[in-house]
Novice: 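Once you've had a glance at the structure underneath, I'll fire off some questions.
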Amino acid sequence: MSRGGLRLGVNIDHVATIRNARGGTHPDPVKAARIAAAAGADGITAHLREDRRHITDADIAALARDIDLPLNLEMAATDEMLEIALRHRPHAACIVPERREERTTEGGLDAAGQHNSLSPLVRALGGARIRVSLFIEPDPLQLDAAVSLGAPVVELHTGAYAHAVIDGDAARTAELLERIRAAAAYGAARGLEIHAGHGLTFDNVAPVAAIGEIAELNIGHFLIGEAIFSGLDSAVRRMRLMMDQARSAAASAA
Ligand code: PXP
């Protein structure tokens, strides 16, 4: 269970990436989800991409059926994905922008620019009691759009911040962290539940986990990569501990 109010969603997409490199059934994303749950994850996240490069339709069916934790389905804003979400009824659906040529979700959704096309999708998911989240840049314009669309949750894209940490650019890291902090405060004040994710690692998670308005972090690629060296159980436990320590240190400093 989450401690200090900060949940950890473990994204198991890249377990499927490794499986798909050879076909067959090993390693199994459902087994990974169970290990992550036992190690302290509060939810499991999976992105069914349009090109099915990692998670497949059968994985979504198995995860929805076989795991005890809430399932967060990351999905593009398409009729096909809406139909799949309505069929499997995950706990949550996070709407992400998707371009076939990108390696991963490289930027946030333009919720402001795509208001009219997103509106029926948000309504249909909400009507099926699926908790809708919009994956957006930490930008007040996008937060306002999420409020006006009636989405209860936003996930703030932390990718630019994560890159600045890798580049060793302290000034840019501080600026981008401040942008995430300000967006979390602004969004929470407007009644949104705030999540964050993308590119988070042991080296950059603490300052994000310390932001009190953030309720959930979704972390995938680093944890699955780290699992090669230390095992998935150990990687998730260590991430969980770092998040909890950062959150409680921030709470006692406040
Ligand atoms: N959150 C969202 C909405 C994402 O699209 C992704 C990547 O699939 C993640 C979190 C996890 O990012 P990473 O794999 O870099 O931890």
Side-chain angles (χ1 to χ4, degrees), residues 6-18 29 32-33 36 41-56 59-60 63 70-78 81 85 90-100 102-111 118 125 130-138 142 146 151 153-166 176 180 183-184 192-206 208-209 214-228 232 235-236 238-240 242-243:
L6 180 59
R7 297 191 301 270
L8 170 60
V10 173
N11 182 317
I12 43 84
D13 291 350
H14 296 300
V15 177
T17 301
I18 297 169
D42 301 290
I44 298 300
T45 294
H47 186 175
L48 184 66
R49 289 189 74 102
E50 194 189 5
D51 62 8
R52 309 302 197 266
R53 68 177 69 158
H54 36 58
I55 291 293
T56 63
D59 289 326
I60 294 298
L63 289 163
L71 176 64
N72 174 31
L73 173 66
E74 291 176 353
M75 53 177 268
T78 64
M81 289 299 151
H91 167 78
C94 180
I95 303 176
V96 301
E98 203 174 298
R99 289 194 308 275
R100 260 176 200 264
E102 71 187 358
R103 265 196 233 161
T104 180
T105 314
E106 279 156 12
L109 189 70
D110 183 9
L118 289 171
L125 291 166
I130 298 168
R131 203 157 162 76
V132 182
S133 163
L134 304 180
F135 189 43
I136 58 171
E137 294 297 326
Q142 300 298 341
V153 183
V154 291
E155 181 164 329
L156 302 177
H157 199 308
T158 52
Y161 157 78
H163 277 298
V165 174
I166 291 168
L176 291 168
I180 295 166
L192 294 165
E193 181 174 310
I194 311 294
H195 299 178
H198 210 279
L200 296 176
T201 70
F202 293 152
D203 289 335
N204 64 24
V205 75
V208 178
I214 295 181
E216 178 175 307
L217 299 182
N218 282 297
I219 308 180
H221 182 268
F222 176 80
L223 286 174
I224 304 308
E226 192 62 17
I228 292 169
L232 185 58
V236 172
R238 183 157 172 222
M239 186 61 82
R240 171 85 266 169
M242 293 184 87
M243 286 166 52

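Whatever order the structure lists ligands and atoms in, that order sets their numbers, starting from 1.
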Novice: Below 3.5 angstrom, do we get any N/O pair linking G199 and ligand 1?
Specialist: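 Yes, there is a polar N/O contact under 3.5 Å.
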
Novice: List the residues meeting side-chain contact (heavy atoms from CB on, under 4.5 Å) with A77, not counting sequence neighbours, and say none if there are none.
Specialist: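 side-chain contact (heavy atoms from CB on, under 4.5 Å) list for A77, sorted by chain: I95, L118, L121.
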
Novice: Do the rings of F222 and F202 sit parallel, tilted or perpendicular, given the 30° and 60° boundaries?
Specialist: perpendicular

Novice: Are side-chain heavy atoms of L200 and M243 found at a separation under 4.5 Å?
Specialist: no

Novice: Report yes if the side chains of I219 and V10 come closer than 4.5 Å at any heavy-atom pair, otherwise no.
Specialist: no

Novice: Check each of E216, H198, H195 against atom 12 (O) of ligand 1 and report the one with the nearest heavy atom.
Specialist: H198

Novice: Give the atoms of ligand 1, by number and element, whose distance to some non-hydrogen atom of H221 is under 4.0 Å.
Specialist: 13 (P), 14 (O), 16 (O)

Novice: Can F135 be said to touch ligand 1, with heavy atoms closer than 4.0 Å?
Specialist: yes

Novice: Side chain or backbone, does E155 bring an N or O within less than 3.5 Å of an N or O on ligand 1?
Specialist: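 Yes: some nitrogen or oxygen of E155 is under 3.5 Å from one in ligand 1.
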
Novice: Below 4.0 angstrom from a heavy atom of N218, which ligand 1 atoms are there? Numbered from 1 as shown, please.
Specialist: 10 (C), 11 (C)

Novice: In terms of atom number and element, which parts of ligand 1 are under 4.0 angstrom from non-hydrogen atoms of N11?
Specialist: 8 (O)

Novice: With respect to E74, determine whether any N or O atom, backbone or side chain, lies less than 3.5 Å from an N or O atom of ligand 1.
Specialist: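 Min N/O separation from ligand 1 is below 3.5 Å for E74.
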
Novice: When only distance counts, is C94 in polar contact with ligand 1, meaning an N/O pair under 3.5 Å?
Specialist: no

Novice: Using side-chain heavy atoms (C-beta onward) and a distance below 4.5 Å, is L232 in contact with I224?
Specialist: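 Yes, side chains in contact.
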
Novice: What are the atoms of ligand 1, with element, lying closer than 4.0 Å to any heavy atom of I219?
Specialist: 16 (O)

Novice: Do E74 and N11 come close enough that some side-chain heavy atom pair is under 4.5 Å?
Specialist: yes

